[in-house]
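Written out below as structure tokens is the structure these notes cover.
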Number of protein chains: 2
Amino acid sequence: MSRDDAHEKRSRKGAMQPTLTDVAREAGVAPITVSRYFNDPEALRDATRLKVEAAVNQVGYVRNMIAGSLASATTRVIPVIVPSLANVVFIEVIRGLQQRLEAAGYQLLLGKTDYDLDREAQLVRTFLGWSASGLIIAGLRHSDETRQLLENWNQPVVEIMEYGDGLDMNVGLDHRAAGHAMATHLLNRGYRHIHYAGAELERDYRAGERFEGHRQALEAAGLPAPLLDLPSRQQMDSGAEALMHIRTHSPTCDAIHFANDDMACGALLAAMRDGIRIPEDIAIAGFNGLPIGRHMTPRLTTIVSPRELIGQRAAEQLLRRIRGEPLGELSINVGFTLHEGESA
Amino acid sequence: MSRDDAHEKRSRKGAMQPTLTDVAREAGVAPITVSRYFNDPEALRDATRLKVEAAVNQVGYVRNMIAGSLASATTRVIPVIVPSLANVVFIEVIRGLQQRLEAAGYQLLLGKTDYDLDREAQLVRTFLGWSASGLIIAGLRHSDETRQLLENWNQPVVEIMEYGDGLDMNVGLDHRAAGHAMATHLLNRGYRHIHYAGAELERDYRAGERFEGHRQALEAAGLPAPLLDLPSRQQMDSGAEALMHIRTHSPTCDAIHFANDDMACGALLAAMRDGIRIPEDIAIAGFNGLPIGRHMTPRLTTIVSPRELIGQRAAEQLLRRIRGEPLGELSINVGFTLHEGESA
DNA sequence: GTGAAAGCGCTAACAG
DNA sequence: CTGTTAGCGCTTTCAC
């Protein structure tokens, strides 16, 4: 693939993409004018703009974002760091982010920690090297290294999923309150032997915080708060397993508060299969408000977390800060809603 | 936030991150040596390496990937373009990609087209400006503009999800064959009034191709292949709706082949709720092999597509090409497996 | 194994 | 509204 035209003094690479300068030469203007054509078209006279436009098409120019970023010391890139892509919850948050950020002309750089704080720090370090305009990171718990890197970085950071005190801005919900709310609901419905069932609560510490709220509610009612923390597997399997385990070992149990809807639905489907009546034999509650819960019979009682909204709000906060607009609050509590089905 | 030390002649920005040159000065070596410390540590004498390492930590240096990329004209970034993030299928593929690419030190830039080919072309254009090492894009159908941009780009491209002739490399499965396989299964089970039900098949054209295979199988058996193509909503809702619609308008129908498991499960759950017996009253089949299908009673008969594997294979092909290793085939057919439940 | 010089392609800053 | 000049921070190339 040889070059037959314009480019003579190309040194380091062979066949090169045309550059801004090529376009400028073709259009008979200065390179900076072509630059303006892309970054602030309004600033050009119509005639000039047309000339440049023609030249751009003529030479088949593709902008080199890298060079622009180096010169301007900013990038229209927002790194997003989440613990996992296996969890729908993060996917939906990413969707909300994507939607708002892409509309504003920002690209999304994706990083996954696998719940490893060292990996998280490493990702942060890498991403800071991208001269990003800001950064989105899941959770309020980070290693000291991560915290320090982010604090020394003078760009906006939004921590998502949880509500509380963070590094900079944050958008999320109060998981303790959510756990408390569901436990209270179960108590109000008359259940007295309520178990909490999760999977790897050490890792999924937000589910652990929901358990804390749950426990507080039960203890306030003078009741114990037994916890079943299973090792990780496919979530629905864990739910089914938890149901069996608790029915066998704690026959008096009258309600299970699951850490999430996947587990709760796994239990619900297992109950259907085995003829266990829900909620007569045992009540079941979840967390997240996934669509599937509404398709169950009985419908799943759960707490709806506004996941996509978290993403949208986080993006909005970040953009506002990037643009130097006022933001109202640094911390946004998106809240949650208890959706009552017939399962509890 | 004022600066008290080293940096004097900083012009365009205020408080700057320390640069390679700062580290070099601190270590008493040339900048290029620090560069080598990061890119090819083996090339340095141990003593030198230690000096540099100390200096890096001393000044708190963070690499500037942008500058490096400009100078070297490559970036360890792989753009991934998918139509949607609402579909688990793409998420799992992304997971497979992420896993392999991150392990090889590549970052993933995420783009979403919303099934719009112009949007796709625009994304490609943007991403090409990133001097990416390669690119992953869903589907074999693109606009002429996209095709041209990608053909003129001299970096590897992997098209995923489908198997066939593409721009460069591709990894996926033959959707027509999958549709044919399921229809054949249904015929073998004795069903004769088989409907296909999907949602927005124009957009989700891969589901449309599965229908084509399905139709071929039925026509070969001398049977008609009625199609129900619903407008888009929540997939499970569409599934329930399709079941009701078909039961009402085509009472002789004895099997429904759904475009995906979400719809099939929506139908299955609706049937459970309404006392419709599956498969006695009507058989149900899906596509994808989502975990939930195995939790249904009866278990869903479906075709498992190796989604994460597609991502992994695509990443491997790309990396192999980037490294100049031989790749075997340009096109990889990952195949599929029919999982028989009791639903059909 | 290490260094000096010369850019990569673009944009900030300041003129005109 | 458009142009000139001088880098952004790193890596390539070629010496030593």
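Here is the naming used below: chain letters follow the sequence lines, and residue numbers restart at 1 for every chain.
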Side chain of B:S84, backbone of B:D114: donor and acceptor closer than 3.5 Å? no
Which of C:dT11, C:dG3, D:dC10 is nearest the side chain of B:A67? It is D:dC10
Could you tell me the separation between the CD atom of B:Q17 and the C1' atom of D:dC8, rounded to a whole number of Å? 14 Å
If you check every side-chain atom of A:A30, which of C:dG1, D:dT4, D:dC10 has the closest atom? D:dT4
Do B:V171 and B:V334 have side chains that get closer than 4.5 Å, going by heavy atoms? yes
Determine whether the side chains of A:Q122 and A:R125 contain a donor N or O and an acceptor N or O closer than 3.5 Å. no
Gap between atoms CZ and C1', on B:R63 and D:dC8 respectively (whole Å): 17 Å
Which nucleotide in the list C:dT2, C:dG9, C:dA13 gets nearest to the side chain of B:T33? C:dT2
Looking at D:dT11, I'd like to know if its phosphate oxygens (OP1 or OP2) sit under 4.0 Å from a side-chain N or O belonging to B:N39. yes
OP1 or OP2 of C:dC10 less than 4.0 angstrom from a side-chain nitrogen or oxygen of A:R36, does that happen here? no
Nearest whole Å is fine: how far is D:dC8 P from B:D22 CG? 11 Å
Length of the CG-P vector between B:N64 and C:dC8, whole Å: 18 Å
To the nearest Å, give me how far apart CZ (B:R25) and P (C:dT2) are. 20 Å
Write down the distance between CG (A:L70) and P (D:dG9), rounded to a whole number of angstrom. 7 Å
Please work out if A:I66 contacts a base, only the sugar-phosphate, or nothing of the nucleic acid, heavy-atom cut-off 4.0 Å. nothing
Pi-cation contact, B:Y205 with B:R141 (under 6.0 Å, within 45°): yes
Distance in angstrom units between A:L44 CG and C:dT11 P, rounded: 13 Å
Does B:Y37 make a side-chain N or O approach to OP1 or OP2 of C:dG1 shorter than 4.0 Å? no
Name the nucleic acid region contacted by A:Y61, choosing base, sugar-phosphate or nothing; use a 4.0 angstrom heavy-atom cut-off, strictly under. sugar-phosphate
Can you tell which of C:dT11, C:dG9, D:dC10 lies closest to the side chain of B:T19? D:dC10
Do you see a donor-acceptor pair shorter than 3.5 Å between the side chains of A:N152 and A:R147? no
Nearest whole Å is fine: how far is C:dG1 C1' from B:D46 CG? 12 Å
D:dT11, D:dC1, D:dG3: which one has an atom nearest the side-chain heavy atoms of B:L20? D:dT11
Which one, D:dG9, C:dA13, D:dT12, comes nearest to the side chain of B:I32? D:dT12
Picking from C:dT11, C:dC10, C:dT2, the nucleotide nearest the side-chain atoms of B:T48 would be C:dT2
